[in-house]
Amino acid sequence: MKTQFHFNPKGPFNLSLTINSGQTSQPPWKEDNHHFQELVIVDGAPCLVKIGHEDSDPENRVNIMAESPETVSEKAIKTKVQDIFGLEHDLDQLYTFLGEDPKLKPTIAFCRGLRIFKAHNPFECIISSISSANCSILRWTRSVNDIKRRWGDGYRFSSGDFYTFPSPTVLARAPEHDLEEMQRCEDNLPLDFVFDKNLQACGVGYRAKYIINASRMVQSELNLEKLARMKYKRAFDTILQLPGVGPKVADCILLYGLGMGEAFPVDVWIKRIIEHLYFPGEELKPQEVREFGMERYGDWAGYVQLYLFHYARKSGLLESLKKK
DNA sequence: TTCCAGGCCCATA
DNA sequence: TATGGGCCTGGA
């Protein structure tokens, strides 16, 4: 099955910026001639979704192409794409909100069209968010791609091979390190056999334990559909129980994985930016910054966090805030 | 070579 | 209940 259609987002939409902004929902989609593609499960069917702007102009409507070994309705694909790229979010309304706060107004010019890049698979977002803790974007995205290649289901398309993210059940059984992988193997392997189908070989380091145990919890007691239906506060407390999930990672999961826009993930940078803008000369605790952001920005908190960080990065503010 | 990154866990008060 | 050291790994 192959299909192709157009789509008009609500307000500006910068696809490339959205995909490459380091949001922990998933690694960037594969880029190919101004289009981005990824294997997404739509209505239970594996579907290669390819998306790009007409004439590669961020202000133009988007082209969507989809390909699947099964039959998938155009409507289902459209709904999924809308959900992933937050195309139903009214950015003009966001810009009105940002424009009312002199501290936030400058972010608009730097981030126009940037949207929440939501997970197409919430479990993948949990694992990538855990992997991102104390770790660079480059490193955690590579780890997630390594995990997909090793344990995901592979599909071959004309534009290349793509993999699903493995299920919690599969990941819960993955070996933590090469020693464990070795112990589980049969002893008639070739002498030069490389033990790399284990989590530490994916570069996740000490987070391997967290990933395995979090996967176990998701396959047993923590129901992700229930979590998605919870109110923010309860969902936050629930997700905190996963190993490797503290306040920052929990908010990333709720924002990028489940689309809870009132989450305000506070990392060291957001902390420094908020202190610089609103509390010059003072030092706040991360928890205080989180409360400040949630109180002040309400339902736009997630977007404000996203915009502040990218504004700071592009404007040079981030560089000047590096600790002395 | 050495240091530390877009935090979390756990031992100590 | 609050604080600080240690942690995998790999780029700078």
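First the proteins, then the strands, lettered A, B, ... as listed; each starts at 1.
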A:Lys30 charged N/C atom sitting above A:Phe162 aromatic ring, 6.0 Å / 45°: yes
Side chain of A:Asn134 (C-beta onward), nearest among B:dA5, C:dT9, B:dG6: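 That would be B:dA5.
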A:Trp269, nearest nucleotide to its side chain (from C:dC8, B:dC8, B:dG6): B:dG6
Close approaches to DNA chain C from residues 104-130 of chain A, in residue order (heavy atom, under 4.0 Å): none
Rounded distance in Å - NE2 (A:His310) to P (B:dG6): 12 Å
Dump the pairs, protein N or O against N or O of nucleotides 10-12 of chain C, anything under 3.5 Å, distances to one decimal.
unit_1: C:dG11; atom_1: OP1; unit_2: A:Arg142; atom_2: NH1; d: 3.3
unit_1: C:dG11; atom_1: OP1; unit_2: A:Arg142; atom_2: NH2; d: 2.5

Straight-line distance of A:Tyr232 OH to A:Leu258 CG, nearest 0.5 Å: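 A:Tyr232 OH to A:Leu258 CG: 11.5 Å, rounded to 0.5 Å.
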Members of residues 235-249 of chain A that approach DNA chain B, where some heavy atom sits under 4.0 Å away: A:Leu242, A:Pro243, A:Gly244, A:Val245, A:Gly246, A:Pro247, A:Lys248, A:Val249
Cluster check A:Trp269, A:Leu104: I/L/V/M/F/W/Y, side chain < 4.5 angstrom: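 Yes, because A:Trp269 and A:Leu104 connect within a single hydrophobic cluster, where side-chain heavy atoms sit under 4.5 Å apart.
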Validation row, ring centre A:Phe165 to ring centre A:Phe123 under 6.0 Å: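 Ring-ring flag for A:Phe165/A:Phe123: true, centres closer than 6.0 Å.
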Pair pattern of DNA chain C in dot-bracket, where unpaired bases get dots and | marks partners in another strand, Watson-Crick or G-U under 3.5 angstrom: |||||||.||||
Using a cut-off of under 3.5 Å, enumerate the N/O to N/O pairs linking the protein to nucleotides 3-6 of chain C.
none

With a cut-off of 3.5 Å and sequence neighbours excluded, list every side-chain donor-acceptor pair involving residues 79-87 of chain A.
unit_1: A:Thr79; atom_1: OG1; unit_2: A:Lys75; atom_2: O; d: 2.8
unit_1: A:Lys80; atom_1: NZ; unit_2: A:His120; atom_2: O; d: 3.1
unit_1: A:Asp83; atom_1: OD1; unit_2: A:Lys118; atom_2: NZ; d: 2.9
unit_1: A:Asp83; atom_1: OD2; unit_2: A:Lys118; atom_2: NZ; d: 3.3

